[in-house]
Amino acid sequence: MPELPEVETVKETLKRQILKNRIIDVKINYPKTIEFPTVEEFKKQIKNQKIVDIKRRGKWLMFELEDYYLLSHLRMEGKYNIKPTDTIQNKHEHVIFVLDNKFELRYQDTRKFGKMHLIKKEEVYDRLPLSELGLEPNDENLTVSYLKEKYKNKNLPIKTVLLDQQIIVGIGNIYADEILFLSKINPLKKSKTLTNKQLQLIIDNTKIVLEKAIKAGGTTIRSYTSSEGVHGLFQHELLVHGKEGEPCKDCDETIVKIKVGGRGTYYCKKCQK
DNA sequence: AGTGCGACCCGAACGC
DNA sequence: TGCGTTCGGGTCGCAC
């Protein structure tokens with residue numbers, strides 16, 4: 001389940017592997033992965049493009065090519081494998097980028113939820129999916145007044161708005177629980193009723209949780225070998241998420257699980273009033 | 001406009 | 001080699 005830290009780790013790993021390689025062909029085994037443009041246009045346009053750089057915006061991986069950006073969202077289970085051309089394809093490798101060095105970059109996604117876009121470089125930030133994204137967690141413009149403005153017309157629980165990628169990018173279901181636990185805020189609390197102090201705590205803890213997870217992703221990533229996938233691991237220490245029935249790390253109260261906006265939500269009733 | 005929910009997927013976990 | 005059902009995760013599209 002890649003969230004921002006996992007995407008960051010994948011980005012760094014791939015940069016060490018495939019920069020400067022040229023895509024000489026692409027095979028698309030599951031066409032619905034390609035969201036834009038059409039599969040035929042996608043194939044035609046990406047052919048013979050060199051991979052110049054790899055970036056990230058929110059949870060989107062951005063392969064910078066010569067004329068295009070290839071945007072790739074891993075959703076829950078997307079990962080990239082780099083394998084020699086003659087390696088048998090496994091059944092979950094849906095998009096195969098044939099490189100000019102006898103290797104292939106293969107997008108593997110068991111759940112088939114991941115999406116790709118191929119967009120002209122000059123347009124990439126001005127059109128979907130990147131145009132609507134909110135601030136990166138480490139953006140200096142992420143302030144209490146920014147959140148106040150964004151939250152003022154919403155009547156939703158803070159847990160729900162933390163997942164809104166149009167406000168802050170990169171927070172997924174797991175990290176949202178962790179951020180609220182550290183901030184001692186009830187996930188059901190309406191976001192527009194939060195105090196300045198609580199909003200500042202959310203900002204601080206968002207940065208802390210995501211940066212810590214990026215570091216953990218960097219240290220636990222499996223190194224690439226020909227038979228192994230390149231993918232982010234999610235192995236850092238979680239405080240509340242998934243801990244239903246276990247004692248709170250702070251007060252020993254039993255962690256409970258509820259649904260907020262349809263999403264499994266874990267919290268401590270005593271610490272997060 | 002904001003809000004809620006089903007759809008998209010399939011492996012794992014669960015219930016019997 | 002048990003089998004059918006439920007769940008979850010991020011995002012979008014649709015209905016209200």
Side-chain angles (χ1 to χ4, degrees), chain A residues 1-11 28-37 39 56-62 71-80 90-95 107-117 119 127-134 136-137 147-180 187-193 206 209-210 213 217 229 231-236 238 240-245 255-267:
Chain A
M1 34 190 130
E3 300 195 34
L4 183 149
E6 286 71 23
V7 179
E8 183 67 22
T9 302
V10 173
K11 183 200 80 179
I28 298 169
N29 300 326
Y30 184 72
K32 287 172 81 172
T33 303
I34 311 302
E35 202 149 59
F36 181 88
V39 170
R56 178 192 61 73
R57 175 78 173 97
K59 301 176 191 176
W60 287 91
L61 261 184
M62 304 173 67
L71 305 182
S72 172
H73 197 303
L74 308 176
R75 296 287 178 96
M76 278 72 73
E77 305 204 357
K79 39 187 78 89
Y80 279 94
N90 79 43
K91 69 169 179 172
H92 298 300
E93 288 175 339
H94 304 308
V95 182
Y107 178 67
Q108 170 177 334
D109 186 352
T110 309
R111 291 282 196 282
K112 298 181 172 174
F113 269 19
K115 298 294 177 194
M116 294 182 191
H117 292 239
I119 296 182
R127 55 180 299 165
L128 292 174
L130 300 191
S131 58
E132 300 291 318
L133 292 179
E136 292 286 332
L147 288 186
K148 267 195 138 62
E149 175 66 23
K150 291 290 183 181
Y151 292 175
K152 73 178 181 189
N153 292 325
K154 292 190 188 298
N155 191 31
L156 293 169
I158 179 61
K159 164 75 185 260
T160 301
V161 302
L162 278 182
L163 297 173
D164 186 342
Q165 303 298 303
Q166 294 190 34
I167 301 175
I168 305 173
V169 296
I171 301 173
N173 196 40
I174 295 166
Y175 293 126
D177 286 357
E178 298 296 304
I179 289 163
L180 290 173
L188 289 166
K189 180 115 177 123
K190 291 290 186 0
S191 61
K192 63 168 149 188
T193 70
T206 296
V209 166
L210 293 180
H231 59 275
L233 290 186
F234 185 68
Q235 279 195 352
H236 70 285
L238 295 177
V240 278
H241 190 89
K243 307 292 187 187
E244 183 183 20
I255 300 297
V256 295
K257 180 184 184 184
I258 61 172
K259 289 258 186 200
V260 180
R263 317 300 306 280
T265 298
Y266 301 81
Y267 77 108

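Lettering of chains follows the sequences in order, A, B, ..., and the numbering in each one begins at 1. Note that the structure is predicted; figures quoted are calculated from it, not measured. The figures that follow rest on heavy atoms only: side chains count, while hydrogens, waters and symmetry mates do not.
On the nucleic acid side, DNA chain B contacts chain A at distances under 4.0 Å to non-hydrogen atoms, with the end points of that region at B/dG2 to B/dG11.
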Under-3.5 Å N/O pairs linking protein and nucleotides 11-16 of chain C:
from   : atom 1 : to    : atom 2 : distance (Å)
C/dT11 : OP1    : A/H73 : NE2    : 2.7
C/dT11 : OP2    : A/K59 : NZ     : 3.4

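Residue contacts shown for A/H94 are absent, as no nucleic acid heavy atom lies under 4.0 Å away. Contacts of A/K257 with the nucleic acid, taken as non-hydrogen atoms under 4.0 Å apart, involve only primed sugar atoms and P, OP1 or OP2. Within the nucleic acid shown, A/K32 comes within 4.0 Å of sugar-phosphate atoms alone, with no base atom in reach, counting heavy atoms only. A/G262 comes within 4.0 angstrom of no nucleic acid atom, judged by non-hydrogen atoms across all strands. Residue-level contact check: A/D109 touches neither bases nor backbone, having no heavy atom under 4.0 Å from any strand.
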Under the rule of Watson-Crick or G-U wobble with both distances under 3.5 Å, where | means paired to another strand and [ ] a crossing pair, DNA chain C maps to .|||||||||||||||
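Partners of A/Y266 by ring-ring contact (aromatic ring centres under 6.0 Å, His included), not counting sequence neighbours, listed by chain and number: A/H241. Taking the ring-ring contact (aromatic ring centres under 6.0 Å, His included) definition, one finds that A/Y30 meets it with A/H94, sequence neighbours left out. Legend: residues meeting side chain to side chain donor-acceptor pair (under 3.5 Å) with A/E35, ordered by chain and number and at least two apart, are A/H117. Considering only residues two or more places apart in sequence or on other chains, A/Y107 meets the ring-ring contact (aromatic ring centres under 6.0 Å, His included) condition with A/Y80. In this view, A/K148 and A/N196 satisfy the side chain to side chain donor-acceptor pair (under 3.5 Å) rule, not counting sequence neighbours. Residues passing the salt bridge (charged side-chain N to carboxylate O under 4.0 Å, His left out) test with A/E149, sequence neighbours excluded: A/K152. Not counting sequence neighbours, A/Y151 has no partner by the side chain to side chain donor-acceptor pair (under 3.5 Å) test. Taking A/K115 as the reference, nothing meets the salt bridge (charged side-chain N to carboxylate O under 4.0 Å, His left out) condition, with sequence neighbours excluded.
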Check: residues 164-171 of chain A side-chain donor-acceptor pairs under 3.5 Å, at least two apart:
from   : atom 1 : to     : atom 2 : distance (Å)
A/D164 : OD1    : A/Q166 : N      : 2.8
A/Q165 : OE1    : A/G170 : N      : 2.8
A/Q165 : NE2    : A/L163 : O      : 3.1
A/Q165 : NE2    : A/I171 : O      : 3.2

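Distance, A/I174 CD1 to C/dG10 P: 7 Å, rounded to whole Å. Remark: P of C/dG8 and CG of A/N173 are 9 Å apart, rounded to the nearest angstrom. Rounded to an integer number of Å, the gap from A/H117 NE2 to C/dG10 C1' is 13 Å.
Between the side chain of A/E178 and the main chain of A/V209, no donor-acceptor pair closer than 3.5 Å is present.
A salt bridge links A/R57 with A/E136: at least one charged nitrogen is closer than 4.0 Å to a carboxylate oxygen.
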